Structures are given as structure tokens and as C-alpha cells.
Amino acid sequence: MEYGTIVLSREIPIAIIRLNRPEAYNALNMQMVHEIVDALDKLEEDEGVRCIVLTGNDKAFSAGADIKEMINLSSVDLIRTGHFLPLWNKVGNYSKPIVAALSGYVLGGGLELAMSCDVLVASENTKLGQPEINIGVIPGGGGTQRLTRAVGKYKAMEMILTGSMITAEEALRLGLVSRVVPANSYLDEAKKVALEISSKSPLALKLAKEAVNRAFEISLQEGLSFERKNFFLLFSSEDKKEGMNAFLQKRKPEFKGR
Ligand code: DAK
């Protein structure tokens, strides 16, 4: 598939998906949604790819859903087509780790997309917000839920009810991003994190990701039990043997995902 709104590149063991509609601050339109989903499907099947970096450009990760495309949509259109649902489902349930490399505007559906990723590296000039209230709607891609779980009720309410943006530093203080770095290094830093992640066992990464995400869905006891079962499962993998042998033999492990 030829892509018109994203650029996909592989730097094995990582792959980079760059959102590429600079004329509209990378606003997410249907074409972009289909292309991101297609790229993620291909990368999920590619055993050489261990971790994905999702990024935009210096001025914007994404300013959210394309308002020009949404203005004439009715409730019935959204119900019938699901609209962005394939994107939220794909990223929210993705089996490999996704590192978001953020810079500039991260707004609305753009922030919802970022919050569905696993590690968020932000440039110091990043501005994050859920401005949907300014155009007469509310977040619809998980913003009211994921933002609230990340920053707590009162900051989430302030951001969602006023539509105001916060800075990268504030997002870091609130636990909404993983780290903040100088403006010229956010992509390199995200790639570094992705490479570090790629050196681990793909099986352990998958089960660790599943377990952390469960923390938002179920009770503590159920979560502890889920974690324990994933832990037990890994003891039947070759990667567990390799990891522990490599430690004792004072060498780097070579994980195969088996
Ligand atoms: N959509 C379309 N075009 C956009 C855009 C957007 N979200 N954001 C910016 N642009 C376009 C502008 O229209 C303008 O285009 P031209 O006029 O040059 O053709 C160009 O990008 C530059 O924008 P500005 O002239 O406004 O630039 P400024 O530097 O003055 O301001 C800004 C930058 C990012 C602060 C501003 O553009 C802005 O406020 N943009 C809108 C942000 C926003 O409201 N985002 C939320 C959109 S609603 C769903 C789930 C979720 C969603 C949808 C469905 N389902 C479950 C079905 C998500 C909804 C949203 O994200």
C-alpha cells in the first residue's frame, strides 16, 4: 500500500511511523487512520520489528481529528462507520511496544492517540490538550478516561472543561509523559528508548504490556493474579533460559521470542 499521509521507515529492530500532513498540523483524517492501521498491521507481522516509534513533526504530533472532514458528519454516520474506531482499537490493543515521540501540538484525538501508546517522549516545546469543548463536543477517543486515569479528576476536568493546553514540563509533573528532552533531540531520544526496549525478550515485552494495561481495567487482586500467570508463563520460554544464562555467564542475552 502506497501511503499519502504517513511515512513508514524501518531501522531494524525498530520502525518509525511519521504522521505527515504538515499543512494541517497532522490532523487525523480517514485516510491517515487507514494508513496507520495498515502500517501497524504490517509491523505486527514483521518479526524483525520489535518496537515502533510513532511521531509527527517539530510543530505538531497531531492537532486532533480533521475538523474539515468531521463538520458534515452526523451521529448516524459515526454509528454506521465507527469512524476512528479501527485506530483506537488497533493502537489500544497492539501487541508490540509503541513509543510516541511528541513535539509541538498534541491535541484532541492527537493526545488520545499518544495516550494509547506505551512510552511518551516529549520535546520541551510540546503543548498538550483536549480542546474538543471549544468546538462544541467532548473527547471521543478515550480522552475522558485515559487522561483522568493519568492525571486525576481535577486536572482532567480543568483541561477537558476549559480546553486549555499544558506544557511538556507540566505533563511530566502530572505523569502524562514519560520524559521531556530538548527540542532538537526528541526523536533521537525516542529511538534510543525504542532500541533499548527492542533488546528485551519480545514475549516478555508483550506480557508485561498486557499486565500493565490490565491495571486500568480490573481490581488489584485480579491484576496481581493476571501478572503472576504471565510471570509463570514466561518460565516456559527459551528467552527466560537465555536471559538467566546470559546473566550468569556475564554476556548480553540474545532473545528470539521463543
Ligand atoms: N483539523 C483540520 N485542520 C486543522 C486542524 C484540525 N484539527 N488543526 C489545524 N488545522 C489547520 C487549520 O485549519 C489551518 O489550515 P488553513 O487555514 O491553513 O487551510 C492550518 O491547520 C493551520 O492552523 P491555524 O491557522 O489554526 O494555526 P495556529 O498556529 O494559529 O493554531 C492550533 C494552531 C493547533 C492551536 C489550531 O489550529 C487549533 O486549535 N486547531 C484545532 C485543534 C482542535 O480543536 N483539535 C480537536 C479536534 S476534535 C472519534 C474520537 C475522537 C475524535 C473524533 C472521533 N470517534 C470515536 C468517532 C477526535 C476529535 C478531535 O480531535
Side-chain angles (χ1 to χ4, degrees), residues 4-7 17-38 40 54-94 98 100-117 120 122-151 155-171 176-177 183 186 216:
T5 65
I6 63 169
V7 178
I17 299 175
R18 183 160 59 80
L19 309 183
N20 191 31
R21 295 188 68 213
E23 70 285 0
Y25 285 118
N26 285 331
L28 297 157
N29 61 12
M30 282 316 298
Q31 185 185 350
M32 192 187 264
V33 163
H34 289 312
E35 291 183 356
I36 299 170
V37 170
D38 183 82
L40 286 172
L54 181 61
T55 194
N57 57 48
D58 294 353
K59 290 189 175 151
F61 173 71
S62 169
D66 190 318
I67 299 168
K68 289 171 195 157
E69 200 181 66
M70 275 194 309
I71 190 163
N72 290 319
L73 291 179
S74 69
S75 306
V76 175
D77 295 327
L78 295 182
I79 294 165
R80 285 185 59 230
T81 63
H83 195 237
F84 282 7
L85 210 56
L87 179 64
W88 310 134
N89 287 342
K90 176 56 61 185
V91 181
N93 299 305
Y94 202 62
I98 306 179
L102 308 175
S103 181
Y105 293 113
V106 184
L107 302 176
L111 179 54
E112 290 169 321
L113 178 59
M115 287 191 294
S116 295
C117 297
L120 276 59
S123 118
E124 62 197 351
N125 68 11
T126 306
K127 293 170 277 295
L128 307 95
Q130 297 283 175
E132 291 88 343
I133 203 85
N134 297 331
I135 54 169
V137 291
I138 66 168
T144 63
Q145 303 304 301
R146 290 204 173 89
L147 185 65
T148 306
R149 281 165 167 77
V151 306
K155 196 66 200 180
M157 280 291 192
E158 183 188 336
M159 289 174 69
I160 290 168
L161 300 185
T162 68
S164 58
M165 299 180 210
I166 60 170
T167 63
E169 276 307 324
E170 201 173 355
L176 184 56
V177 297
Y186 71 97
F216 297 98

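For ligands, and for the atoms within them, numbers begin at 1 and follow the listed sequence. The shown structure was predicted, so the numbers you read here are calculated from the model rather than taken from an experiment.
- In this structure Tyr105 satisfies the ring-ring contact (aromatic ring centres under 6.0 Å, His included) test together with Tyr25, sequence neighbours excluded.
- Annotation: salt bridge (Lys or Arg N to Asp or Glu O under 4.0 Å) contacts involving residues 124-146, sequence neighbours excluded, are absent.
- In this structure, Tyr94 has no ring-ring contact (aromatic ring centres under 6.0 Å, His included) partners at least two apart in sequence or on a different chain.
- Looking only at distances, a side-chain donor or acceptor of Glu69 sits under 3.5 Å from a matching main-chain atom of Met30.
- Residues Leu120 and Ala114 approach most closely at CD1-O, 3.3 Å, considering heavy atoms.
- For Ile138, the CD1 atom counts as loosely surrounded, since its 6.0 Å shell holds 12 or fewer non-hydrogen atoms of other residues, nucleotides or ligands.
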Contacts table for ligand 1: protein N or O within a distance under 3.5 Å of ligand N or O, distances only.
residue, atom, partner, partner atom, Å
ligand 1, 1 (N), Ala65, O, 3.4
ligand 1, 1 (N), Ile67, N, 2.9
ligand 1, 7 (N), Ala63, O, 3.2
ligand 1, 7 (N), Ala65, O, 2.9
ligand 1, 19 (O), Lys68, NZ, 3.2
ligand 1, 29 (O), Tyr25, OH, 2.8
ligand 1, 45 (N), Ala63, O, 2.8
ligand 1, 61 (O), Ala65, N, 2.8
ligand 1, 61 (O), Gly109, N, 2.8

